[in-house]
Colleague: 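Take a look at the following structure, please.
Side chains are part of it too, since the values below use all heavy atoms of this structure and drop only hydrogens, waters and symmetry mates. Just so we're on the same page: letters track the sequence lines, and every chain starts at 1.
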Number of protein chains: 2
Amino acid sequence: MAPMTPPPVAKISLRERKKLRTRQAIRRAAVRLFTEQGYDATPIDQIAEAAEVSPSTVFRYFPTKEDIVLMDEDDALMEVFFRARPAHEPPLTALREAIRATLAQIYDTEEAVEDIRRRMRLVATVPALRARLDEGLSASGASMTDALAERTGTAPDQLELRVFLGAVLGGLREALLYWVARDLSDDLGAIVDRTFDVLEHDLADSAPRVEEAAG
Amino acid sequence: MAPMTPPPVAKISLRERKKLRTRQAIRRAAVRLFTEQGYDATPIDQIAEAAEVSPSTVFRYFPTKEDIVLMDEDDALMEVFFRARPAHEPPLTALREAIRATLAQIYDTEEAVEDIRRRMRLVATVPALRARLDEGLSASGASMTDALAERTGTAPDQLELRVFLGAVLGGLREALLYWVARDLSDDLGAIVDRTFDVLEHDLADSAPRVEEAAG
DNA sequence: TGCTAATTGGTAGTGACTCTCAAAAGTGAG
DNA sequence: CTCACTTTTGAGAGTCACTACCAATTAGCA
């Protein structure tokens with residue numbers, strides 16, 4: 001795989017650079033305040049003040065309060081990787097590899113990892129954020145269903161197709177929350193592997209495998 | 001003079017009967033108004049007026065606007081049925097039968113069916129309601145995980161267990177939305193059967209089965 | 001420098017939801 | 001039936017996310 005986007009820092013106009021900085025400032029201030037004093041206890045006005053922008057600007061950058069923490073474009077990224085997998089590959093394998101590639105892409109810098117950690121810790125504790133996460137996952141499922149339909153040449157509104165992807169994403173959701181609940185100390189790649197093992201083997205065996213010790 | 005044996009209805013106190021009627025009145029008014037003029041276009045005040053109660057009372061009966069449509073206790077019901085299944089039965093089979101039993105229980109009267117239809121039609125079109133549905137499903141997943149853990153004698157926070165149930169519920173969620181999207185015309189029991197077929201066979205085969213004709 | 005278009009801040013809403021408190025209605029005993 | 005008592009209700013004020021709009025500022029470019 002060729003590396004995708006080289007940093008075109010200088011090519012971005014001053015306007016775009018300022019927008020990016022503002023966006024980052026809002027998110028950073030929000031995550032810090034949420035962590036310090038709680039999500040519900042932090043009104044938008046306070047975030048705006050901390051980020052040195054007006055409340056209107058906060059809403060201009062993020063449609064909802066939850067999106068300040070969660071908005072990202074990994075959905076699209078995963079779909080791109082999925083569509084890039086060879087056509088002969090079984091769907092579950094293609095999905096696994098697409099997820100692998102997406103994770104690798106996201107986890108490129110130490111800074112990015114720490115950022116995700118901070119945000120995920122919030123997701124673990126705030127119900128509203130978990131709900132928003134599900135919403136994103138559901139949207140992701142819809143687009144992946146389309147992709148899979150094209151792959152197999154079937155209608156995207158086929159029940160079997162939707163159930164298949166619903167099951168995979170439902171399993172991945174639990175894996176993600178499990179990872180976060182254990183304070184993100186485990187290797188996410190290993191967890192994804194175990195998740196796909198359950199999907200491939202245990203569901204068919206109709207009995208989840210029992211491990212002796214929980215690593 | 002002692003009257004004849006009072007009907008079982010009378011066992012409920014006047015207070016409880018009034019509460020039940022108020023609850024029903026609010027829900028009925030809400031569903032009607034939501035259907036007629038849209039969910040977002042219907043403020044709580046209007047529902048209160050239509051149900052002939054104060055806005056405060058609406059919030060006393062339903063914690064959120066979404067819950068007016070969605071609040072029910074089928075979660076607990078399904079868990080009861082699941083726990084009642086014989087211990088030697090494979091988990092997926094036990095789940096399937098528990099869901100069957102729950103559906104049969106809910107679909108007992110024609111009136112109940114029509115009520116569910118009306119509410120589900122709303123769920124299909126209103127994003128906020130779909131989000132709330134997922135929340136309920138997630139909670140259901142958590143309690144079912146506990147039940148399954150007791151069944152198999154493992155820790156309830158085991159990754160494999162959570163992924164297993166997450167996958168099943170993720171698949172069922174899609175089945176439910178598929179059913180609703182097709183205007184609830186299909187037989188729900190048949191859809192559940194097809195869903196479990198995917199979970200048992202197609203996931204392991206790693207390729208969703210392709211049907212020649214879609215229903 | 002001056003024109004144009006994008007970005008921002010402020011102001012005034014709407015509506016869900018919370019808290020509090022006093023009025024009203026059901027309950028149970030004498 | 002009447003008198004406490006408890007529960008339920010309604011009304012008011014308040015918080016906060018989010019929207020719509022308009023005026024002021026600022027970047028992009030000739």
Colleague: Can you tell me how far P of D:dT15 sits from CD of A:Q46, to the nearest Å?
Modeller: 15 Å
Colleague: With a sphere of 6.0 Å drawn around CD of A:E52, does it hold more than 12 non-hydrogen atoms of other residues, nucleotides or ligands?
Modeller: no
Colleague: Inspect the surroundings of CD in B:E111 and state if more than 12 heavy atoms from other residues, nucleotides or ligands are less than 6.0 Å away.
Modeller: no
Colleague: Calculate the interatomic distance between A:Y61 atom OH and C:dG9 atom P; express it in whole Å.
Modeller: 9 Å
Colleague: Atom CG of B:L33 to atom C1' of C:dG15: distance rounded to whole Å?
Modeller: 16 Å
Colleague: Do NZ/NE/NH1/NH2 and the carboxylate oxygens of A:R117 and A:D183 come within less than 4.0 Å?
Modeller: no
Colleague: Pull out every residue in residues 50-60 of chain A that has a heavy atom closer than 4.0 Å to any atom of DNA chain C, ordered by number, or say none.
Modeller: A:V53, A:S54, A:S56, A:T57, A:R60
Colleague: Out of C:dG15, D:dC18, C:dC17, which nucleotide sits closest to the side chain of B:P43?
Modeller: C:dG15
Colleague: If you find the nucleotide of DNA chain D closest to B:K19 and the one closest to A:Y39, which residue's nucleotide is nearer the 5' end?
Modeller: B:K19
Colleague: Roughly, in whole Å, what's the span from CZ in A:F62 to P in C:dT8?
Modeller: 12 Å
Colleague: Take atom CG of B:D40 and atom P of D:dC18, then tell me their distance rounded to the nearest Å.
Modeller: 13 Å
Colleague: Heavy-atom distance under 4.5 Å between the side chains of A:L129 and A:F34, does that happen here?
Modeller: no
Colleague: If each of B:P63 and B:R15 is mapped to the nucleotide of DNA chain C with the nearest heavy atom, which maps nearer the 5' terminus, i.e. the 5' end?
Modeller: B:P63
Colleague: Would you call A:E200 and A:R96 a salt bridge, taking side-chain N to carboxylate O under 4.0 Å as the test?
Modeller: yes
Colleague: Toward the 5' end of DNA chain C, which comes first, B:D45 or B:K18, by nearest nucleotide?
Modeller: B:D45
Colleague: So B:L70 and B:R119, do their side chains get closer than 4.5 Å, heavy atoms only?
Modeller: no
